[in-house]
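Below is one structure; the comments refer to it alone.
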Amino acid sequence: MDASVDAAVGGIAADRLRSIIERVERLEEERKALSGDVKDIFTEAKSAGFDVKVIRQIIRQRKQEPSEVEEQETLLDIYRRALGM
């Protein structure tokens with residue numbers, strides 16, 4: 001079989017396609033490993049007596065802009081007062 005036909009089957013560069021797929025597969029494996037590491041850290045936090053739900057909430061808030069967090073806190077306070085909490 002001609003090398004040029006093998007490299008570009010049906011107009012697709014097979015080597016390039018294989019490279020892309022393999023890179024995605026490697027990243028998915030890394031993500032899986034990192035996810036396991038994060039789970040281990042939350043397990044450690046829980047065994048140290050920390051509330052994991054609260055830690056997750058703090059992590060979410062730290063990703064937000066300070067103005068967004070302030071707006072959410074204000075609305076939460078308003079809603080609580082409206083409910084007599």
Side-chain angles (χ1 to χ4, degrees):
M1 183 176 258
D2 189 326
S4 64
V5 172
D6 187 37
V9 178
I12 297 174
D15 290 340
R16 176 84 172 147
L17 177 60
R18 184 175 295 107
S19 171
I20 289 169
I21 290 171
E22 288 172 353
R23 286 169 38 211
V24 170
E25 288 172 340
R26 274 193 307 275
L27 289 172
E28 286 177 346
E29 283 298 316
E30 289 177 28
R31 179 172 42 193
K32 184 177 175 183
L34 289 172
S35 179
D37 292 346
V38 169
K39 183 179 177 186
D40 291 345
I41 293 170
F42 281 121
T43 300
E44 176 186 339
K46 186 175 182 177
S47 68
F50 293 106
D51 187 318
V52 172
K53 282 177 66 175
V54 174
I55 291 173
R56 289 183 188 276
Q57 185 175 357
I58 289 171
I59 291 169
R60 269 193 312 275
Q61 285 183 348
R62 287 172 54 110
K63 292 177 184 177
Q64 296 175 323
E65 292 295 322
S67 61
E68 289 179 61
V69 175
E70 184 179 342
E71 181 180 339
Q72 288 177 359
E73 293 289 334
T74 300
L75 283 173
L76 185 59
D77 184 51
I78 291 169
Y79 291 178
R80 283 180 177 152
R81 282 189 276 134
L83 296 171
M85 297 175 68

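Heavy-atom contacts from other residues, nucleotides or ligands closer than 6.0 Å to CD of E68 number more than 12. At most 12 heavy atoms of other shown residues, nucleotides or ligands fall within 6.0 angstrom of atom CD in E71. For F42, the CZ atom sits in a packed shell: over 12 heavy atoms of surrounding residues, nucleotides or ligands are nearer than 6.0 Å.
Judged purely by atom type and a 3.5 angstrom limit, S35 has no side-chain atom pairing as donor or acceptor with the backbone of R31.
In this structure, K53 and Q57 have side chains that are not in contact, with every pair of non-hydrogen atoms separated by 4.5 Å or more. Considering only heavy atoms from C-beta on, R62 stays 4.5 Å or farther from I59 through its side chain.
The structure places CD1 of I20 at 12.0 Å from CD of E25, a figure rounded to the nearest 0.5 Å. Atom CD of Q64 is separated from atom CD of Q72 by 4.5 Å, given to the nearest 0.5 angstrom.
When E22, E28, E29 are each tested for a side-chain contact (heavy atoms from CB on, under 4.5 Å) with R26, only one passes: E22.
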Check against side chain to side chain contact (heavy atoms under 4.5 Å, CB included), R18 and D15: CA-CA 5 Å; R18 184 175 295 107; D15 290 340; 3.3 Å; yes
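Note: the hydrophobic cluster containing L83 does not contain I78 (ILVMFWY, side chain heavy atoms under 4.5 Å, direct or indirect links). Linking Ile, Leu, Val, Met, Phe, Trp and Tyr whenever their side-chain heavy atoms come within less than 4.5 Å leaves V54 and V69 in two separate clusters.
Note on R80 versus D77: no salt bridge recorded, every NZ/NE/NH1/NH2 to OD/OE distance being 4.0 Å or above.
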